[in-house]
Amino acid sequence: MRVAVLGAGGRVGKALVARIRAAGDLELAGTPGRDLALTPITGDVVVDFSGPTGTMALLDHLSGTDLPVVVGTTGFDPAQMQRLRDEGARRPLFVAANFTPGFGVFRKALLGLAQSLPQARLTLAETYNKAKKRQPSGTTLGLQADISALDPVREVEVALNREGEIAGITAFTLALDSAQITLTLNVDSRDAYAAGALEAARWLRGRAPGFYTDINAN
Ligand SMILES: NC(=O)C1=CN([C@@H]2O[C@H](COP(=O)(O)OP(=O)(O)OC[C@H]3O[C@@H](n4cnc5c(N)ncnc54)[C@H](O)[C@@H]3O)[C@@H](O)[C@H]2O)C=CC1
Ligand SMILES: O=C(O)C1=N[C@H](C(=O)O)C[C@H](O)C1
C-alpha cells in the first residue's frame with residue numbers, strides 16, 4: 001500500500017516515515033509540504049499529522065477525489081470538526097485524537113470506572129513535552145467530552161503539565177473520601193502514534209466513504 005504523509009518533517013511525521021520505510025507492505029508515496037500545489041498527492045491513502053490549517057488545506061486539495069485520509073492532527077475548532085464529519089460523505093476518513101495502540105481499551109476502562117463510581121471526584125492529568133504547546137490536548141478534550149456525554153453535570157478537573165521529552169501521559173483519577181483510583185496511559189515514544197495511525201490506514205483502504213473513529217467500533 002502506498003502512503004503519502006502530510007507533516008512528514010514533524011515529530012510524528014518522522015516516526016511515520018521511518019515505519020513506512022521499514023514495513024514490508026508499505027511504500028512512501030510522497031511527503032507533500034505546505035504548498036500542496038507543488039506536490040501532486042498520489043498513493044492509496046494519506047496520513048496527516050500536520051496542524052488544523054494543514055488538514056483543511058489537504059481536504060481542499062483533495063476535493064473531487066475519494067482518496068482515503070487518516071487524520072491524526074488535533075486542535076480543530078467546531079467548524080473544522082464539522083468539516084471533517086461532512087468529508088466522510090466523500091471519502092473514507094479516519095479521525096482519532098490519540099492513535100496509541102490500546103487507547104480504545106484505556107478509554108473504555110476509564111468510562112466504565114466513571115460510571116461505576118458516580119460519587120467520585122474526577123481528574124484528568126496530562127503530561128507532555130514542552131514542545132506541545134496546545135493545551136489541553138485533543139486526548140484530554142475528547143475524554144472530557146466522553147464523560148459529559150455519559151453525565152452532562154459531572155465535573156472533571158483538568159491538570160496540565162509540560163516537562164522533559166515526555167511523549168504523553170494521561171492519568172485519570174477517581175477520588176473517593178478515603179481512597180483514590182488512578183488509571184494511567186503512559187506512551188513510551190511517538191512511534192506509538194505512528195504505529196496506530198498506520199494500522200488505521202491499512203484498515204481504511206477499500207472502505208466505503210464514512211467518518212471513522214474506531215477500528216473496533218465500525
Ligand atoms: N492523533 C494522535 O495520536 C496524535 C496527534 N498528534 C497531533 O499531530 C499534530 C502534529 O504533531 P507533531 O508531529 O508533534 O507536530 P510538529 O510540529 O512536530 O509537526 C508538524 C509538521 O506539520 C507541518 N505543517 C504544519 N502546518 C502545515 C500546513 N499548513 N501544511 C503542511 N504541513 C504543515 C510542519 O512543518 C511539521 O513538519 C498535532 O496536531 C498533534 O497534536 C500528535 C501526536 C499523536
Ligand atoms: O502533540 C502531541 O504530542 C499529541 N497530540 C495529541 C493530542 O493532542 O491529544 C495526541 C497525543 O496526546 C500527543
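Every number for a ligand or one of its atoms is a count from 1 in the order of the listing.
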### Query
Step by step, would you call Arg107 with Asp146 a salt bridge (charged side-chain N to carboxylate O under 4.0 Å, His left out)?
CA-CA 9 Å; Arg107 175 179 169 275; Asp146 291 336; 2.7 Å; yes

## Note on the structure
With heavy atoms and a 4.0 Å threshold, my read on which part of Phe99 contacts ligand 1 is both

### Query
Between Glu163 and Asn161, does any side-chain donor sit less than 3.5 Å from a side-chain acceptor?
yes

### Nearest-contact summary for atom 23 (C) of ligand 1 - protein heavy atom, Å
Gly7 CA, 4.0 Å

### Task
Examine Val46 and Phe211 and state if one hydrophobic cluster contains both, with Ile, Leu, Val, Met, Phe, Trp and Tyr joined whenever side-chain heavy atoms are less than 4.5 Å apart.
yes

### Summary
The atoms of ligand 1 lying under 4.0 Å from a heavy atom of Ala96, numbered in the order shown, are 1 (N)

### Query
Is the closest heavy atom of Ala97 to ligand 1 under 4.0 Å?
yes

### Task
Any atoms of ligand 1 less than 4.0 Å from a non-hydrogen atom of Gly72? List them with their elements.
1 (N), 2 (C), 4 (C), 5 (C), 6 (N), 7 (C), 8 (O)

### Query
Taking C-beta and beyond as the side chain, do Leu204 and Tyr212 meet within less than 4.5 Å on heavy atoms?
yes

### Query
What protein heavy atom is closest to atom 17 (O) of ligand 1, reported as residue, atom name and distance in Å?
Arg11 NH2, 3.6 Å

### Numbered atoms of ligand 1 (with element) below 4.0 Å of Lys132, judged on heavy atoms
41 (O)

### Query
Which protein non-hydrogen atom lies closest to atom 39 (O) of ligand 1, naming both residue and atom, and how far is it?
Thr74 N, 3.1 Å

### Query
Is Asp44 salt-bridged to Arg205, cutoff N-O under 4.0 Å?
yes

### Query
Any heavy atom of Phe99 sitting closer than 4.0 Å to ligand 2?
no

#### Entry: Element-labelled atoms of ligand 1 that are located less than 4.0 Å from some non-hydrogen atom of Gly54
28 (C), 29 (N), 30 (N)

#### Entry: Val12: numbered ligand 1 atoms lying under 4.0 Å from its heavy atoms
13 (O), 42 (C), 43 (C)

### Query
To the nearest 0.5 Å, what is the distance between CG (Leu110) and NZ (Lys108)?
13.0 Å

### Message
Using a 4.0 Å heavy-atom cut-off, which part of Thr74 comes near ligand 2: side chain, backbone, both, or neither?
### Response
side chain

### Message
Side-chain heavy atoms nearer than 4.5 Å, only ILVMFWY residues, links allowed to pass through others: does that put Leu141 and Phe106 together?
### Response
no

### Message
Any atom of ligand 1 sitting under 4.0 Å from a heavy atom of Arg134?
### Response
no

#### Entry: Polar side chain donor-acceptor pair, Ser189 to Asp191, under 3.5 angstrom
no

### Query
Given side chains that start at C-beta, do those of Ile166 and Tyr128 come closer than 4.5 Å, heavy atoms only?
no

### Task
Could you list which atoms of ligand 1 come closer than 4.0 Å to a heavy atom of Ser50?
9 (C), 10 (C), 20 (C), 22 (O), 24 (N), 32 (N), 33 (C)

### Heavy-atom nearest neighbour of atom 3 (O) of ligand 2 within options Arg11, Lys133, Lys132
Lys132

### Message
Give the atom numbers and elements of ligand 2 that come within less than 4.0 Å of a heavy atom of Thr139.
### Response
7 (C), 9 (O), 10 (C), 11 (C), 12 (O)

### Query
For atom 10 (C) of ligand 1, which of Phe49, Phe76, Tyr128 has the closest heavy atom?
Phe49

#### Entry: Exceeds 12 heavy-atom contacts within 6.0 angstrom, atom CD of Glu165
no

### Query
Strictly by modelled atom types, are Glu126 and Thr140 linked by a side-chain donor-acceptor pair under 3.5 Å?
yes

### Query
Under 3.5 Å, is there a donor-acceptor pair between the Thr170 and Thr139 side chains?
no

### Message
Under a 4.0 angstrom heavy-atom cut-off, which atoms of ligand 2 come close to Ser137?
### Response
7 (C), 8 (O), 9 (O)

### Task
Report the nearest protein non-hydrogen atom to atom 26 (N) of ligand 1: residue, atom name, distance rounded to 0.1 Å.
Arg34 NH1, 3.3 Å

### Task
Write out the residue and atom name of the closest protein heavy atom to atom 19 (O) of ligand 1, then the distance separating them to 0.1 Å.
Gly10 CA, 3.1 Å

### Task
Heavy-atom distances under 4.0 Å are what count here, so tell me which part of Ala97 touches ligand 2: side chain, backbone, both or neither.
backbone

### Query
So, Arg91 versus Thr65: side-chain donor-acceptor pair below 3.5 Å or not?
yes

### Message
Suppose I only count heavy atoms of Tyr128 and a 4.0 Å limit; which atoms of ligand 2 are within that range?
### Response
9 (O), 11 (C), 12 (O), 13 (C)

### Summary
ligand 1 to Leu6, heavy atom cutoff 4.0 Å, flagged ligand atoms 31 (C)

### Task
Flag Gly138 as yes when one of its N or O atoms lies below 3.5 Å from any N or O atom of ligand 2, and as no otherwise.
yes

### Query
To the nearest 0.5 Å, what is the distance between OG1 (Thr184) and CD1 (Ile169)?
8.0 Å

